[in-house]
Amino acid sequence: MPKRVTRRDFAKVAGAAAIGASAGSTTFAGRAPRQTAGSRPPQTATRPFPDRFLWGTATASYQVEGAATEDGRGPSIWDTFSHTPGKVVNNATGDVADDHYHRYKQDVQLMKALGVKTYRFSIAWPRVFPQGDGVPNPKGLDFYNRLVDELLANGIEPFATLYHWDLPQSLQARVGGWESQDTSHAFANYTGYVTKRLTDRVKHIFTINEFGAFVELGYRLGIHAPGLKLPPGRFNQTRHNAVLGHGLAVQAIRARAKPGAKVGLAENLAVCAPIIETAEHIEAATRATRELNAQYMTVIQEGRYTDLYLKTAGSDAPRFTAAELKTISSLLDFVGINIYTPLYVRADSSPQGFQVVPHPKSFPHMASFWLFVGPEALYWGPRHVATIWNVKDIYITENGCSSSDVPAGDGRVYDTDRIMYLRNYLTQLQRATSEGVPVRGYFLWSLMDNFEWADGYTNRFGLNYVDYQTQTRTPKLSADFYKEVIARNAVA
Ligand code: GBH
């Protein structure tokens with residue numbers, strides 16, 4: 001009796017063949033290519049990105065640096081939160097993370113190997129002002145001076161974010177963090193200090209990363225630092241204080257920057273994709289994008305809260321002055337949007353005129369359960385920003401995904417799912433740029449695996465695999481893919 005081939009056997013054989021092929025198998029060598037239309041190489045050259053498109057990668061201070069108590073760094077709310085048992089998966093902390101504080105030169109070489117032209121990093125406020133305000137700590141800023149110099153020496157343009165969630169713990173303890181406008185003013189002060197010292201070399205500054213994440217998760221849902229669940233009135237005021245901090249920072253940057261420095265923000269816009277691309281659904285998705293970003297991007301762009309937001313909040317609406325709204329909507333030089341997943345919207349007969357359609361249970365997602373695969377987000381996100389607010393310079397400041405990366409026998413990670421995700425998303429981004437949507441660059445999240453906030457080290461987003469025991473970095477297959485995209489300036 002011949003042995004029955006089970007599904008598992010079949011998968012093994014198929015898997016072995018796949019690895020063989022990627023290692024340069026010669027199985028098909030010597031065979032004359034058949035001259036059919038299908039045997040022509042894929043026409044990627046017809047799907048190029050604009051000239052001088054800026055390809056980059058991104059990270060954030062608390063997620064990669066480690067060195068939590070070195071050179072005078074004060075504690076941040078993420079030190080406190082991650083050291084509170086039960087808040088982060090496996091009680092992981094960013095004490096060491098990727099040890100990037102000590103290994104930044106090696107990490108710049110990883111960027112160089114990819115061929116990226118730019119790198120987006122964030123500055124840890126508590127390194128520069130250990131108490132959040134008061135006496136600065138020049139040794140803390142020195143790290144960023146060294147990093148910037150190393151990047152420039154390797155031909156990589158630095159883009160710096162001033163706030164990626166590591167609020168000085170002292171401000172949280174003394175004034176309640178973003179619950180108080182003292183924090184908004186302290187942020188502007190810190191911003192001015194850094195701007196004066198870095199903008200001779202750093203020409204692109206982002207104020208704040210993702211209001212839509214750190215305010216909501218940290219002050220309403222309690223699953224990020226500082227872990228609060230504020231009632232609606234206090235919470236809406238916290239949202240307002242955060243965008244006010246952004247506006248004050250824009251003014252501080254304008255006042256202290258060296259010539260040629262530009263300012264923007266990096267927001268995780270709620271991107272509404274029309275469920276079907278018809279005029280009525282597109283109109284509904286556009287309206288939904290304005291409304292669902294009312295507390296952050298919309299007020300920053302328009303200088304007013306939407307009627308629907310204020311009406312829905314009722315007596316819990318934030319208190320604000322006309323002068324504050326003017327500050328919040330200070331003109332920006334560019335807009336950065338972090339895009340991972342869309343919301344699917346359709347037109348309906350409700351008063352608001354749209355419905356967000358929930359995902360069915362079978363909707364595919366990446367390793368993070370929230371990361372539904374919706375490549376159209378990278379088309380509709382920048383397109384909405386350009387059409388709704390007439391923005392002329394847009395950057396995709398984050399896009400990428402988590403995969404259940406496991407090193408194979410040869411030590412490499414064959415993350416075909418990440419490549420699938422990236423190829424589909426980049427195809428949609430190219431669709432946008434080919435229609436003239438003014439996207440100037442793209443920062444892939446992330447250069448390497450890192451501390452994924454409340455998920456600890458369980459979800460990996462890197463192009464480079466990090467062995468946290470040895471701090472070894474190994475390029476994944478997706479690093480080869482991204483390198484090819486950059487080299488061709490086209491989807492590979
Ligand atoms: C970005 O946020 C962050 O800027 C970056 O630091 C992070 O590493 C990266 O994404 C990957 O996650 O589990 O229900 O709490 C992306 C927007 C908003 C997505 C919060 C995850 C948490 C969902 N994030 N969301 S939940």
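Start at 1 and go down the list; that is how both ligands and their atoms are numbered.
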- Does Trp125 have its ring centroid less than 6.0 Å away from the ring centroid of Phe187? yes
- Would the Tyr219 and Phe214 ring centres measure less than 6.0 Å apart? no
- Tyr457 and Phe451 aromatic centres sub-6.0 Å: yes
- Tell me: protein heavy atom nearest atom 9 (C) of ligand 1, and distance? Tyr340 OH, 3.4 Å
- Nearest-contact summary for atom 23 (C) of ligand 1 - protein heavy atom, Å: Trp370 CD1, 3.8 Å
- Query: To which protein heavy atom is atom 18 (C) of ligand 1 closest, and what is the distance rounded to 0.1 Å?
  - Reply: Ala213 CB, 3.9 Å
- Does ligand 1 have any atom sitting under 4.0 Å from a heavy atom of His224? no
- Item | Protein heavy atom at shortest distance from atom 14 (O) of ligand 1 | Phe369 CZ, 3.7 Å
- Have a look at ligand 1 and work out which part of Ile223, if any, has a heavy atom under 4.0 Å from it: side chain, backbone, both or neither. side chain
- Query: Any nitrogen or oxygen of Asn268, main chain or side chain, under 3.5 Å from a nitrogen or oxygen of ligand 1?
  - Reply: no
- Message: What protein heavy atom lies closest to atom 11 (C) of ligand 1? Include the residue and the distance to one decimal.
- Response: Glu452 OE2, 3.2 Å
- Task: Could you tell me if the ring centre of Tyr305 sits under 6.0 Å from that of Tyr296?
- Result: no
- Query: Starting from atom 1 (C) of ligand 1, which protein heavy atom do you reach first, and at what distance in Å?
  - Reply: Glu398 OE1, 3.1 Å
- Message: Please report whether the ring centroid of His384 lies less than 6.0 Å from that of Trp389.
- Response: no
- Quick one: CG on Asn399 to CG on Leu429, what's the gap to the nearest 0.5 Å? 8.0 Å
- Taking heavy atoms and a distance under 4.0 Å, where does Leu217 meet ligand 1: side chain, backbone, both or neither? side chain
- Which bit of Asp455 gets closer than 4.0 Å to ligand 1, counting heavy atoms only: side chain, backbone, both or neither? neither
- Task: Could you tell me the residue and atom name of the protein heavy atom closest to atom 2 (O) of ligand 1, and the distance to it rounded to 0.1 Å?
- Result: Glu210 OE1, 2.8 Å
- Do Tyr163 and Trp178 have ring centres separated by under 6.0 Å? yes
- Pro364: what forms a side chain to side chain contact (heavy atoms under 4.5 Å, CB included) with it, not counting sequence neighbours? none
- Message: Which of the numbered atoms in ligand 1 are under 4.0 angstrom from any heavy atom belonging to Phe461?
- Response: 11 (C), 12 (O)
- Can we call the ring centroids of His224 and Trp165 under 6.0 Å apart? yes
- Message: Taking distance alone, with N or O pairs closer than 3.5 Å, would you say Trp165 contacts ligand 1?
- Response: no
